[in-house]
Amino acid sequence: MIDPKLLRTDLPKVAEALRKKHYELDAALFTRLDTDRKERQIKAEGLQAERNQYSKSIGALIGAAKAKGDDIEPLKAQGEALKHAFLEAEESLQAVQSKIESLLLEMPNIPDGSVPNGKSESDNLETRRWGEPPTFTFSPLDHVDLGVALGGLDFDRGAKITGSRFLQMRGQIALLHRALGQFMLNTHITEHGYEEVYTPYIVNRESLLGTGQLPKFEADLFKLDDEREYYLIPTAEVPVTNIFRNEIIDELPIKFVCHTPCFRSEAGSYGRDTRGMIRQHQFDKVEMVQFVEAKKSWAALDDLTTHAQSILEKLKLPYRRVTLCGGDLGFSAAKTYDLEVWLPSQSTYREISSCSNFTDFQARRMKTRYRNASSGQVEHIHTVNGSGLAVGRTLVAVMENYQREDGSIQVPDVLQPYMNSLRVIS
RNA sequence: GGAGAGGUGGCCGAGUGGUUGAAGGCGCACGCCUGGAAAGUGUGUAUGCGUUAACAGCGUAUCGAGGGUUCGAAUCCCUCUCUCUCCGCCA
């Protein structure tokens with residue numbers, strides 16, 4: 001959530017910054033609500049102070065009245081009157097505060113000044129390109145044809161077991177998929193300084209509010225039919241980032257990596273990527289999450305992005321990096337770099353990782369803070385996260401880029417130790 | 001699923017209706033003491049919100065969460081939640 005103090009002091013500037021995200025901030029509404037809030041809060045707290053003071057003195061007043069033989073009922077009635085005046089003011093304050101809270105919870109993070117203008121994906125800015133797309137002496141197949149022919153990908157049975165956008169993997173393809181996850185996890189642990197965490201795959205509403213999936217994006221989530229309001233995680237970002245919800249952290253930075261399945265309802269994307277495993281309701285992802293001091297989040301984003309890139313480079317998969325434009329930027333992010341891997345079947349680069357700085361936006365929603373050693377003050381931390389990488393899409397990329405004319409797939413060198421030294425999938 | 005016991009500050013632990021944001025201890029910070037240290041000793045040591053130039057003062061909230069009773073609730077009542085113990089079941 002955006003710092004309410006910033007909204008009060010610099011409303012036009014915030015509204016202007018949010019326009020880059022194509023969000024129209026209703027400044028008049030906010031000002032009106034906040035003016036009301038201030039007025040009502042001062043009134044309610046004043047009445048409460050009066051009531052507290054009266055309660056403290058009533059013992060003596062009753063004692064004195066009794067000594068004189070006076071009726072003590074008027075004294076109690078006075079207390080009652082104070083209570084009712086306060087409760088009325090309190091109720092009116094609550095009403096306006098909950099309106100402000102809803103408004104704040106639906107307001108996206110402020111994009112960083114360096115974020116390019118633009119409306120959609122096509123306005124994203126390419127900032128890096130690595131590797132050469134492979135050239136084939138035959139016409140390359142897509143991962144569906146390759147995987148089905150190898151008996152490793154089974155979309156029909158996935159659909160039978162569950163429904164569309166689910167798949168089953170088998171044999172050496174399933175092994176390749178598992179090897180990719182293990183390789184990514186191990187690399188981040190041993191080479192990039194992350195600590196492994198295992199978390200629940202089902203989260204509550206508070207956690208989703210904390211990272212920003214709720215209240216606005218309920219439709220993207222799978223919700224359990226249960227009175228407890230539980231949801232399947234759409235990304236490990238949710239459970240991992242919420243580890244420190246409502247906590248004050250002593251030692252920063254903290255770097256976690258977590259391999260989980262992710263569940264997305266993909267509502268509203270019915271026509272897109274219907275073929276293959278690019279867009280599934282369930283996919284595996286290795287997620288990196290960093291908790292850092294406010295001053296250090298931009299360096300952390302650069303750092304984390306190179307960690308994701310190194311996975312692609314070790315796998316020798318050609319990719320490019322784009323900086324998302326304002327219109328394509330997610331709700332909670334201040335800035336995002338997407339990594340896109342080359343897919344021969346589509347002759348294009350497709351998203352395989354998304355690395356973002358959320359500044360203090362998630363931390364404010366989660367109330368995650370740290371004690372600034374130099375100032376002694378408690379401050380909100382910054383959160384930075386990114387995929388390192390989406391495992392399903394990496395499988396697609398390996399299959400397509402490493403395919404051979406006979407339909408077999410060469411195993412990338414770095415994966416062989418994870419696959420019992422298997423060199424070719426056939 | 002059944003039965004019972006509990007959730008108080010960074011930690012331990014008092015506190016069953018009225019100067020309790022909360023005794024006491026530990027830890028931590030700073031000072032005194034000391035040649036230096038330990039011991040001893042003194043002071044301080046939660047977070048949010050509001051007001052404010054102020055991280056000064058003042059006000060307000062918070063004793064798992066929410067609701068209720070009362071002039072007044074950490075203390076009484078209700079609901080939820082989490083933890084622990086025993087039985088059952090089970091990966």
If you look at every strand shown and take non-hydrogen atoms under 4.0 Å, does A/R37 touch a base, only sugar-phosphate, or nothing? sugar-phosphate
Quick one: do A/D226 and A/R228 satisfy salt bridge (charged side-chain N to carboxylate O under 4.0 Å, His left out)? Show the steps, please. CA-CA 5 Å; A/D226 182 296; A/R228 285 173 290 197; 2.9 Å; yes
Report which part of the nucleic acid A/R40 touches: base, sugar-phosphate, or nothing (heavy-atom distance under 4.0 Å, all strands). nothing
Between B/rC11 and B/rC28, how far apart are the two C1' atoms, rounded to whole Å? 11 Å
Quick one: do A/D123 and A/K119 satisfy salt bridge (charged side-chain N to carboxylate O under 4.0 Å, His left out)? Show the steps, please. CA-CA 6 Å; A/D123 299 314; A/K119 273 164 64 178; over 6 Å; no
Using 0.5 Å steps for rounding, measure from the CD1 atom of A/I352 to the OG1 atom of A/T394. 3.5 Å
Could you check whether A/K38 gets within reach of a base, just the sugar-phosphate, or nothing at all, counting any heavy atom under 4.0 Å? sugar-phosphate
Test log, rule salt bridge (charged side-chain N to carboxylate O under 4.0 Å, His left out), inputs A/E400 and A/R350: CA-CA 13 Å; A/E400 295 196 3; A/R350 291 299 305 261; over 6 Å; no
Any-strand Watson-Crick or G-U partner of B/rG36, both distances under 3.5 Å: none
Whichever of A/V378 and A/K5 has the more 5' nearest nucleotide on RNA chain B, that residue is A/V378
Describe the nucleic acid contact of A/N52 in one word from base, sugar-phosphate, nothing, applying a heavy-atom distance below 4.0 Å. sugar-phosphate
For B/rA53, give its Watson-Crick or G-U wobble partner with both distances under 3.5 Å, or none. none
For B/rC71, which nucleotide is its Watson-Crick or G-U wobble mate, given both distances must be under 3.5 Å? B/rG18
Rounded distance (nearest 0.5 Å) linking atom CD1 of A/I381 with atom OH of A/Y370: 9.5 Å
Taking for A/Y54 and for A/R369 the nucleotide of RNA chain B with the nearest heavy atom, the one nearer the 5' end belongs to A/R369
Reported CZ-to-CG distance for the pair A/R264 and A/D220, which is rounded to 0.5 angstrom: 8.5 Å
Take atom P in B/rA74 and the same atom in B/rU69, then report the distance between them in whole Å. 16 Å
Aromatic ring proximity A/F361/A/F331, centre distance under 6.0 Å: yes
Shoot me the first and last contacting nucleotide of RNA chain B against chain A, ordered 5' to 3', at under 4.0 angstrom to non-hydrogen atoms. B/rG18 to B/rG72
What is the pairing partner of B/rG4, taking Watson-Crick or G-U wobble pairs with both distances under 3.5 Å in any strand? B/rC84
Which base, if any, makes a Watson-Crick or G-U wobble pair with B/rU62, both distances under 3.5 Å? B/rA46
Heavy atoms only, 4.0 Å cut-off, all strands: where does A/R8 land among base, sugar-phosphate and nothing? sugar-phosphate
